[in-house]
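As structure tokens, the structure follows; a few thoughts come after it.
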Amino acid sequence: MESNGIIGIIGAMEEEVARLKEQMEGMEVRTKASMEFCRGRLMGKEVVVVRSGIGKVNAGICTQILVDEYHVCAVINTGIAGSLRAEIDIGDIVLSTDALQHDMDAAAFGYPAGQIPRMDTLSFAADVTLRETAKTACQRVNPDICVHEGRVVSGDQFISDKAKKEWLIDQFAGYCTEMEGAAVAQAAHLNGVPFLIIRAISDKADDSAHEDYPAFEAKAITHCVNLTAAILQDYNPAAPV
């Protein structure tokens, strides 16, 4: 039996959510915090699709609005990222096992890199059911690419420096790096809402990133759109309490 739970879908850029909105039925738009929250039905599920804007603050605010105003039962954050592993190629998909903020530094107070002071965890764990659903769905709708499961590291920086990339790998064992996922993860964690970060790889997060990013952005977004629609077909969320 289909649940009445509302699923929140967040993209950082308009290109990431425009194609999803084109497929929605009965869409109603509400603006809050300069963001357009588009509620309707997509692939038979009730959803709210929204562009958060780029960066952790935008992503955190967006997630909290989805919780407070729409009482979402799950949050899916789609987008693009830079690869941090040689085996993760441009075009591939990374599904978050967890996420952390690589630019959080309270070492002066004895905290490890990435640890938010006085929080109970270094990283925020993604929902296993959502991730397993996404993995199966991606293999079905994006058979031409590989699916990876691992840590997403986020910061308010576009990583295009090889030395910085190596630091992220050594320090956090990250699979990919971007600018929103860990903020979505933190907000979802604080509210007890299941979440999944989906990242299609657009560049290698090194000295070639400025050249690769625009060339592969469109392909990466297509993979994310295909996957998000497939997840909605397969995922049966619990109705909110």
Side-chain angles (χ1 to χ4, degrees), residues 10-16 51-63 77-117 119 121-126 145-187 196-224:
I10 302 174
M13 299 182 297
E14 183 59 34
E15 297 91 333
E16 298 175 53
R51 179 184 66 84
S52 67
I54 296 170
K56 293 187 297 177
V57 173
N58 281 327
I61 290 172
C62 184
T63 306
N77 178 215
T78 68
I80 52 185
S83 170
L84 293 177
R85 290 181 171 245
E87 68 269 23
I88 304 178
D89 292 327
I90 291 174
D92 285 355
I93 291 279
V94 174
L95 306 174
S96 63
T97 54
D98 62 336
L100 60 75
Q101 298 176 42
H102 68 70
D103 56 354
M104 171 58 66
D105 184 359
F109 298 98
Y111 291 96
Q115 174 77 52
I116 300 170
M119 288 210 68
T121 182
L122 170 68
S123 65
F124 306 104
I145 62 172
C146 293
V147 187
H148 307 268
E149 299 172 86
R151 173 172 288 172
V152 175
V153 297
S154 308
D156 288 320
Q157 302 166 355
F158 180 77
I159 305 301
S160 59
D161 175 77
K162 187 175 181 180
K164 182 70 173 183
K165 174 181 178 177
E166 293 301 322
W167 183 82
L168 292 175
I169 294 169
D170 294 341
Q171 190 73 47
F172 302 113
Y175 275 54
C176 67
T177 181
E178 41 76 271
M179 295 189 280
E180 294 84 30
V184 173
Q186 181 180 345
L196 179 68
I197 311 301
I198 298 169
R199 290 294 180 264
I201 300 303
S202 61
D203 60 82
K204 286 287 191 175
D206 56 18
D207 300 324
S208 66
H210 288 296
E211 298 175 5
D212 290 340
Y213 181 91
F216 292 98
E217 179 188 36
K219 182 178 180 182
I221 289 172
T222 295
H223 287 148
C224 276

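Checking side-chain atoms of Arg51 against main-chain N and O of Ile10 turns up no donor-acceptor pair under 3.5 Å. Counting only distance, with no hydrogens or angles, the side chain of Arg199 and the backbone of Ser83 share no donor-acceptor pair below 3.5 Å. In this structure, Glu180 contributes its side chain and Ala59 its backbone to no donor-acceptor pair below 3.5 Å.
Residues Cys176 and Ile201 come closest through the heavy atom pair CB-CD1, 3.9 Å. Contact between Ser123 and Leu100 at its shortest, heavy atoms only, is CB-CB, 4.0 Å. When all heavy atoms of Ala200 and Cys224 are compared, the closest pair comes out as CB-SG, 3.7 Å. Nearest approach of Ala183 to Lys56, heavy atoms of both residues: CB-O, 3.2 Å. Here the shortest heavy-atom pairing between Ser52 and Asn58 reads O-CB, 3.2 Å. Considering all non-hydrogen atoms of both residues, Met179 and Ile54 come closest at CE-CG2, 3.6 Å.
In this pair, Phe172 and His102 present their aromatic rings tilted. The plane angle is within the 30 to 60° band.
Remark: Gln101 CD to Met119 CE distance equals 9.0 Å, nearest 0.5 Å. Atom CG in Leu122 sits 12.5 Å away from atom OH in Tyr111 (nearest 0.5 Å). With rounding to the nearest 0.5 Å, the separation of CD in Glu149 from OG in Ser96 is 9.5 Å. Here the CG-NZ distance, from Leu84 to Lys164, works out to 11.0 Å after rounding to the nearest 0.5 Å.
Proximity of Pro117 to Gln115: side-chain heavy atoms (C-beta onward) are nowhere separated by under 4.5 Å. With contacts defined as side-chain heavy-atom distances shorter than 4.5 Å, the pair Ile93/His223 qualifies. Using a 4.5 Å heavy-atom threshold, the side chains of Lys219 and Ile221 count as separate. Looking only at side-chain heavy atoms (C-beta outward), Ile198 and Asn77 stay at 4.5 Å or farther from each other. Annotation: side chain of Ile90 is not in contact with side chain of Ser202 (no heavy-atom distance under 4.5 Å). Asp98 has its side chain out of reach of Phe124: every pair of non-hydrogen atoms, C-beta onward, lies at least 4.5 Å apart. Side-chain contact between Asp156 and Asp103 is present, with heavy atoms from C-beta onward closer than 4.5 Å. Between Asp92 and Val147 the shortest side-chain heavy-atom distance does not fall below 4.5 Å.
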Practice task
Could you check Leu168 against Ile159 for side-chain contact (heavy atoms from CB on, under 4.5 Å), going step by step and ending with a plain yes or no?
Solution key: CA-CA 10 Å; Leu168 292 175; Ile159 305 301; 4.0 Å; yes
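When only modelled atom types and interatomic distance are considered, Glu178 and Ser154 share a side-chain donor-acceptor pair under 3.5 Å.
Cation-pi check for Arg85 over Tyr175 is met; the charged atom lies under 6.0 angstrom from the ring centroid and within 45 degrees of its normal.
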